[in-house]
Protein chains: 2
Amino acid sequence: MSPRPKIGLEIPTILEAAGELANQHGMQEVTLANLAKKLNIRPPSLYNHFDGLPGLRKKLAIYGLEKLYNDLVTAAIGVSGNEALLSISKAYIHFARKYPGLYEATLMAPDPEEMEVQQAGAKIVQLSVQVLQSFHLEGDLALHAVRGLRSILHGFSALEQKGGFKMSLDVDKSVEIVIIAFIKGMKDL
Amino acid sequence: MSPRPKIGLEIPTILEAAGELANQHGMQEVTLANLAKKLNIRPPSLYNHFDGLPGLRKKLAIYGLEKLYNDLVTAAIGVSGNEALLSISKAYIHFARKYPGLYEATLMAPDPEEMEVQQAGAKIVQLSVQVLQSFHLEGDLALHAVRGLRSILHGFSALEQKGGFKMSLDVDKSVEIVIIAFIKGMKDL
DNA sequence: TTGATAAAACTAATAGTATTAGTTAAAATA
DNA sequence: TATTTTAACTAATACTATTAGTTTTATCAA
């Protein structure tokens, strides 16, 4: 028969396959049936690794959030101020564009309140806080700024993914202008 | 047997029921089975009104977009400048909050490129353009601004819906500050 | 090396889903 | 009143996740 994979090596393999499936065909195609077919196993076998489809979605969400976080950290290294803000913004948008299914997965956890999901998301928020700190926003303004930044980045990512920007106008340029305008406005408020 | 409903009255009835289902339990619960149960008919009967689940989702998306547009128009009447911008922004956020499932539906059309869906969405973009016109942004800046406004509003709506804002800080206040900062920054760019 | 344990695959069966085909009854229309 | 159309229905199919119980394989201990 086919060889049995080792423990601990299996889960990342499955997540990678699920990620590919998501990126190529969207999260709605990430079914246990499709995933099992891609891995050449029978669907029930997946229950040895995940707690069903909800369990898979949760793990895939965390996987995606961590991968996104890594990209953002890389983008934030060695830069500061406006440059850092633009750098992580572009990294965020590019991640969603390059891994559309994985980005989709980060928002499809069955229970976003789950500790592990929460923590993976919190690291990204924390990074945003750090990058925004150099702008010295006072009091609650810093908190509103974090929300604004997240909303802008997610808004652009989601709308681009849904084909919301039809005009022949560079989306990256739009993000740059909007982010710069936003932070300038927050400082001068 | 049970009485047959009249034509033309049936589709809005079904969409209203589907909308309630979506708002109460999320779009993933808007199945032909659940909808049929709510309407006291058998699932195949729905095929007399819609082209299956994709057809229902398309019609529900248009229904939601038109309802959203109406709310935005109402909010834009008799106001201008910053006041108009804030008014439609709040109306947008409140719509997504009050009809979470319907808002979700506006983004779940099987083919967002479809003419009717496109048109329903275009009216909202058009309204945004009108509201932003009073700020006299030059050239492409106006186009970037429309994208920015949409992204901010959708970003806030989506993240709030996913439970993304955990801090005890008024989300409406965040929207107000971010929108004002954004437009001020665009003017002063 | 051998025997026990645990991991991870399997088959079989169940329940729920959309969907299609073909049928029937009611309503609208000529 | 007769015909046509509308919109319901039943029955059947094919897919989905999921559970239960089984078997094979690898790991680990004596």
Side-chain angles (χ1 to χ4, degrees), chain A residues 1-22 24-63 101 104-105 108-111 114, chain B residues 1-22 24-63 101 104-105 108-111 114:
Chain A
M1 294 290 138
S2 56
R4 303 296 164 84
K6 294 187 182 179
I7 326 166
L9 195 78
E10 189 64 12
I11 287 186
T13 303
I14 298 179
L15 289 180
E16 222 170 298
E20 282 177 26
L21 223 46
Q24 288 168 7
H25 306 104
M27 271 300 284
Q28 80 287 347
E29 291 298 316
V30 179
T31 64
L32 296 187
N34 283 339
L35 183 55
K37 197 171 294 172
K38 192 180 175 78
L39 294 166
N40 283 309
I41 58 176
R42 260 22 83 196
S45 304
L46 290 167
Y47 285 78
N48 289 314
H49 305 282
F50 301 107
D51 197 3
L53 191 56
L56 171 63
R57 288 189 174 145
K58 173 188 160 186
K59 283 231 184 314
L60 200 57
I62 295 167
Y63 176 71
E104 206 184 344
M108 278 194 64
D111 181 11
E114 264 268 350
Chain B
M1 289 293 140
S2 54
R4 302 297 164 87
K6 294 186 183 178
I7 327 167
L9 196 78
E10 189 65 11
I11 287 186
T13 303
I14 298 179
L15 289 180
E16 221 172 298
E20 283 178 26
L21 221 47
Q24 289 168 5
H25 306 104
M27 271 300 284
Q28 80 287 345
E29 291 298 315
V30 180
T31 63
L32 296 187
N34 283 339
L35 183 55
K37 197 170 293 172
K38 191 179 176 79
L39 294 166
N40 283 310
I41 58 176
R42 258 25 78 195
S45 305
L46 290 167
Y47 285 77
N48 289 315
H49 306 281
F50 302 107
D51 196 5
L53 191 56
L56 171 64
R57 289 191 174 143
K58 174 189 159 185
K59 283 229 185 316
L60 199 58
I62 296 167
Y63 176 71
E104 206 184 342
M108 276 194 66
D111 181 11
E114 265 269 348

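Every chain is numbered from 1, with letters handed out A, B, ... down the list of sequences. Worth knowing before you read on, the calculation uses all heavy atoms, side chains too, and leaves out hydrogens, waters and symmetry mates.
Rounding to the nearest 0.5 Å places CD of A:Q24 at 11.5 Å from CG of A:N34. Rounded to the nearest 0.5 Å, atoms NZ (A:K58) and CE (A:M108) are 15.5 Å apart. To the nearest 0.5 Å, atoms CG (A:L39) and CD (A:E10) are separated by 7.0 Å.
Residue B:H49 places none of its side-chain N or O atoms closer than 4.0 Å to OP1 or OP2 of D:dT6. Residue A:S45 places at least one side-chain N or O closer than 4.0 Å to OP1 or OP2 of C:dC10. Between B:R42 and the phosphate of D:dA8, there is no side-chain N or O to OP1/OP2 separation shorter than 4.0 Å.
Atoms CD1 (B:I41) and C1' (C:dT24) sit 16 Å apart, rounded to a whole Å. Protein atom CZ of A:R57 is 13 Å distant from nucleotide atom P of D:dT16, rounded to whole Å. A straight line from CZ of A:F50 to P of C:dA7 spans 16 Å, rounded to a whole angstrom. The CD-P distance, from A:Q28 to D:dA17, rounds to 13 Å in whole Å.
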Polar atoms only, N or O, under 3.5 Å: list the protein pairs with nucleotides 15-22 of chain C and their distances.
from   : atom 1 : to    : atom 2 : distance (Å)
C:dA18 : OP1    : B:L32 : N      : 2.5
C:dA18 : OP2    : B:A33 : N      : 3.0
C:dT19 : OP2    : B:Y47 : OH     : 2.7
C:dT19 : OP2    : B:L53 : N      : 2.8
C:dT19 : O5'    : B:Y47 : OH     : 2.7

Please tabulate, one pair per line, all N/O donor-acceptor pairs under 3.5 Å involving side-chain atoms of residues 46-57 of chain B, not counting sequence neighbours.
from  : atom 1 : to    : atom 2 : distance (Å)
B:N48 : ND2    : B:S45 : O      : 3.4

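Using a 4.5 Å cut-off on side-chain heavy atoms (C-beta onward), A:M27 and A:L60 make contact.
Contact annotation: side chain of B:N48 to base of D:dA8, donor-acceptor pair present below 3.5 Å.
Across every non-hydrogen atom of B:A18 and B:V30, the tightest pair is O-CG2, 3.8 Å.
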